[in-house]
Amino acid sequence: MKDSFYDQVFEIARLVPKGRVTSYGAIAKALGAGGSARMVGYAMSNAGIAHPKVPAHRVVNSSGLLTGKFHFSPPELMQQLLEQEGIVVENDKIKNFKTVFWNPLEEL
DNA sequence: GCAGTGACCTGCA
DNA sequence: TTGCAGGCCACTG
């Protein structure tokens, strides 16, 4: 399962610097998937069993909303990790999302 | 091999 | 401006 689409998504997610976040659509475009952002989210479902572990908490939707926070255990862990990295989270969504947003296309 | 599912995004009313 | 619906691709049963 190393050359799978999952590994590609994990690779981008792991490239996200500390204190920064990215969106599913951005990763999808970085992989050339385009509008297949759903696949990115689906791949993240395996982030919990991925090794090394993937900072899925740095990946949010295009609105900066922590949509996948309920997939964490506990769900509040996602916000905790984001705040721990200096990211401001308000109402399960990133406050200065555009400020902490990290574009993989610019790094790649 | 077929069908369903999924942590989304974009467009239109 | 807000809300709803459709579409996209890959993996599992």
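As a basis for the values below, the full set of heavy atoms in this structure was taken, side chains included, without hydrogen atoms, waters or symmetry mates. Chain letters run A, B, ... following the sequence lines, proteins first and then strands; every chain starts at 1. Small disclaimer: the values here were computed from a predicted structure and weren't measured.
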*To the nearest Å, give me how far apart CZ (A:Phe5) and P (C:dC9) are.*
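Spelled out: CZ on A:Phe5 to P on C:dC9 is 10 Å.
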
*Rounding to a whole Å, what distance do you find between A:Asn46:CG and C:dC11:C1'?*
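Those two atoms, CG and C1', are 9 Å apart.
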
*asked:* Is it the case that the side chain of A:Asn91 and the backbone of A:Lys93 share a donor-acceptor pair, with hydrogens and angles ignored and the cut-off at 3.5 Å?
replied: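 Checking the backbone N and O of A:Lys93 against the side chain of A:Asn91, no donor-acceptor pair under 3.5 Å is found.
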
Could you give the distance from [atom1] ([X]) to [atom2] ([Y]), rounded to the nearest 0.5 Å?
X	Y	atom1	atom2	value
A:Trp102	A:Glu106	CH2	CD	9.5 Å
A:Asn46	A:Phe5	CG	CZ	12.5 Å
A:Ile94	A:Leu66	CD1	CG	6.0 Å
A:Asn96	A:Phe101	CG	CZ	13.5 Å
A:Ile12	A:Leu105	CD1	CG	8.5 Å
A:Leu77	A:Gln84	CG	CD	9.0 Å

Closest heavy-atom pair and its distance - [X], [Y]:
X	Y	value
A:Pro55	A:Ala13	CG-O, 3.4 Å
A:Phe10	A:Ala50	CE1-CB, 3.8 Å
A:Tyr24	A:Gly68	OH-N, 4.5 Å
A:Met44	A:Val54	CE-CG1, 4.3 Å

Look for any protein N or O under 3.5 Å of an N or O in nucleotides 1-8 of chain C and output each such pair with its distance, or none.
{"unit_1": "C:dG7", "atom_1": "O6", "unit_2": "A:Arg38", "atom_2": "NH1", "d": "3.4"}

*Which of residues 11-28 of chain A have a heavy atom under 4.0 Å from DNA chain B?*
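Contacts with DNA chain B under 4.0 Å: A:Tyr24, A:Gly25.
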
*Tell me which residues in residues 70-86 of chain A put a heavy atom below 4.0 Å from DNA chain B, sorted by number, or none.*
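DNA chain B contact set from residues 70-86 of chain A: A:His71, A:Phe72.
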
For residues 56-64 of chain A, which side-chain N or O atoms pair as donor and acceptor with protein atoms under 3.5 Å away, sequence neighbours left out?
{"unit_1": "A:His57", "atom_1": "NE2", "unit_2": "A:Glu85", "atom_2": "OE2", "d": "3.4"}
{"unit_1": "A:Arg58", "atom_1": "NE", "unit_2": "A:Glu85", "atom_2": "OE1", "d": "2.9"}
{"unit_1": "A:Arg58", "atom_1": "NE", "unit_2": "A:Glu85", "atom_2": "OE2", "d": "3.1"}
{"unit_1": "A:Arg58", "atom_1": "NH1", "unit_2": "A:Val16", "atom_2": "O", "d": "2.7"}
{"unit_1": "A:Arg58", "atom_1": "NH2", "unit_2": "A:Glu85", "atom_2": "OE2", "d": "2.7"}
{"unit_1": "A:Asn61", "atom_1": "OD1", "unit_2": "A:Ser63", "atom_2": "N", "d": "3.3"}
{"unit_1": "A:Asn61", "atom_1": "OD1", "unit_2": "A:Gly64", "atom_2": "N", "d": "3.0"}
{"unit_1": "A:Asn61", "atom_1": "OD1", "unit_2": "A:Leu65", "atom_2": "N", "d": "2.5"}

*Taking any atom under 4.0 angstrom from a heavy atom of chain A, which nucleotides of DNA chain B are the first and last to qualify, 5' to 3'?*
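The protein-touched segment is B:dG6 to B:dC9.
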
*asked:* Could you check whether any side-chain heavy atom of A:Val9 comes within less than 4.5 Å of a side-chain heavy atom of A:Tyr42, counting everything from C-beta outward?
replied: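 A side-chain contact is absent here, since even the closest heavy-atom pair is not under 4.5 Å.
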
_Watson-Crick and G-U pairing of DNA chain B, under 3.5 Å, as dot-bracket with | and [ ]_ = .|||||.||||||

*Looking across every strand, which nucleic acid part, if any, lies under 4.0 Å from A:Ser45 by heavy atom: base, sugar-phosphate, or nothing?*
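A:Ser45: base contact, heavy atoms under 4.0 Å.
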
